[in-house]
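The next block holds one structure in the form of structure tokens; read it before the comments.
Please read these numbers as outputs of a predicted model, since none were measured by experiment.
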Amino acid sequence: MAVVLLLYVVAEVAAVWAVSSALGVLATLGLLLAGAFVGSWLARREGTRAARAFLTTTRSGRAPVAEVTDGMLIGLGGLLIMVPGFVSDVVGLLLLLPPTRAVVRGLWLRRAERRMAVRSRGRTIVVDSEIVQEPGNHPVIEGR
């Protein structure tokens with residue numbers, strides 16, 4: 001995990017260095033601020049859409065799996081937009097755009113289904129027990 005964090009920091013510094021070398025320091029700061037403003041606006045808009053979709057799905061009686069996953073990805077995208085740097089801004093914007101978010105959602109849900117299928121193949125433990133009525137009508141479960 002430390003190696004991934006170190007690679008991320010190196011990539012962010014290299015990206016800021018490259019952009020500031022090409023455009024200048026003020027233009028780089030302007031791009032970082034513009035990315036934060038556009039990203040926060042997009043996160044707010046997509047978050048509102050995801051909340052409406054969640055409510056519509058739950059009112060219809062269906063499980064809101066895709067809507068909850070979209071909300072999670074929108075939150076992650078908004079968080080990445082607020083982290084200074086171009087790499088995090090690009091990844092955050094990709095998570096906020098509906099087409100790329102749909103691809104990530106599909107990958108995430110397939111991975112979750114595989115992990116659940118692997119865990120459900122474990123042993124089943126059966127406990128032999130009996131419900132006994134105690135005085136005062138409180139059921140008690142006694143194991144054998």
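Of all non-hydrogen atoms in A43 and G78, the two that sit nearest each other are CB-CA, 4.1 Å.
R49 meets the salt bridge (Lys or Arg N to Asp or Glu O under 4.0 Å) test with E46; sequence neighbours excluded. Partners of L79 according to the side chain to side chain contact (heavy atoms under 4.5 Å, CB included) rule, which considers only residues two or more places apart in sequence or in another chain, do not exist here. Residues forming a side-chain hydrogen bond (donor to acceptor under 3.5 Å, both in side chains) with R62 (at least two apart in sequence, or on another chain): S60. Under the salt bridge (Lys or Arg N to Asp or Glu O under 4.0 Å) criterion, R105 pairs with D70, sequence neighbours left out. Residues meeting the side chain to side chain contact (heavy atoms under 4.5 Å, CB included) test with V68, sequence neighbours left out: F54, P64. Every residue meeting the side-chain hydrogen bond (donor to acceptor under 3.5 Å, both in side chains) condition with E67, not counting sequence neighbours, appears here in chain and number order: T57. Applying the side chain to side chain contact (heavy atoms under 4.5 Å, CB included) rule to S20 yields the partners T28; only residues at least two apart in sequence or on another chain are considered. Listed by chain and residue number, S40 satisfy the side chain to side chain contact (heavy atoms under 4.5 Å, CB included) test with M82 (two or more places apart in sequence, or in another chain).
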*Check the pair L95 / T100 against side chain to side chain contact (heavy atoms under 4.5 Å, CB included), numbers first and verdict last.*
CA-CA 6 Å; L95 289 176; T100 54; over 6 Å; no
*What's the verdict on side chain to side chain contact (heavy atoms under 4.5 Å, CB included) for V3 and L6, showing C-alpha distance, side-chain angles and the deciding distance?*
CA-CA 5 Å; V3 173; L6 182 63; 5.6 Å; no
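Hydrophobic clustering of Ile, Leu, Val, Met, Phe, Trp and Tyr side chains at less than 4.5 Å, counting indirect connections, keeps V87 apart from W17. When the side chains of ILVMFWY residues are joined at heavy-atom separations under 4.5 Å, either directly or via intervening members, I81 and V83 end up in two distinct hydrophobic clusters.
Rounding to the nearest 0.5 angstrom, the gap separating the CG atom in L96 from the CG atom in L42 is 5.0 Å. In this structure, CG in L80 is found 10.5 Å from CG in L73, a value given to the nearest 0.5 Å.
Chaining together hydrophobic side chains whose heavy atoms lie under 4.5 Å apart places L94 alongside V90. Taking Ile, Leu, Val, Met, Phe, Trp and Tyr as hydrophobic and joining them when side-chain heavy atoms fall under 4.5 Å apart, one finds L32 in a cluster with V16, V19, L23, L31, F86. L107 belongs to a hydrophobic cluster whose other members, connected by ILVMFWY side-chain contacts under 4.5 Å either directly or through intermediates, are V103.
Legend: side chain to side chain donor-acceptor pair (under 3.5 Å) pairs involving residues 6-16, not counting sequence neighbours, sorted by first then second residue: Y8-E12, E12-S88.
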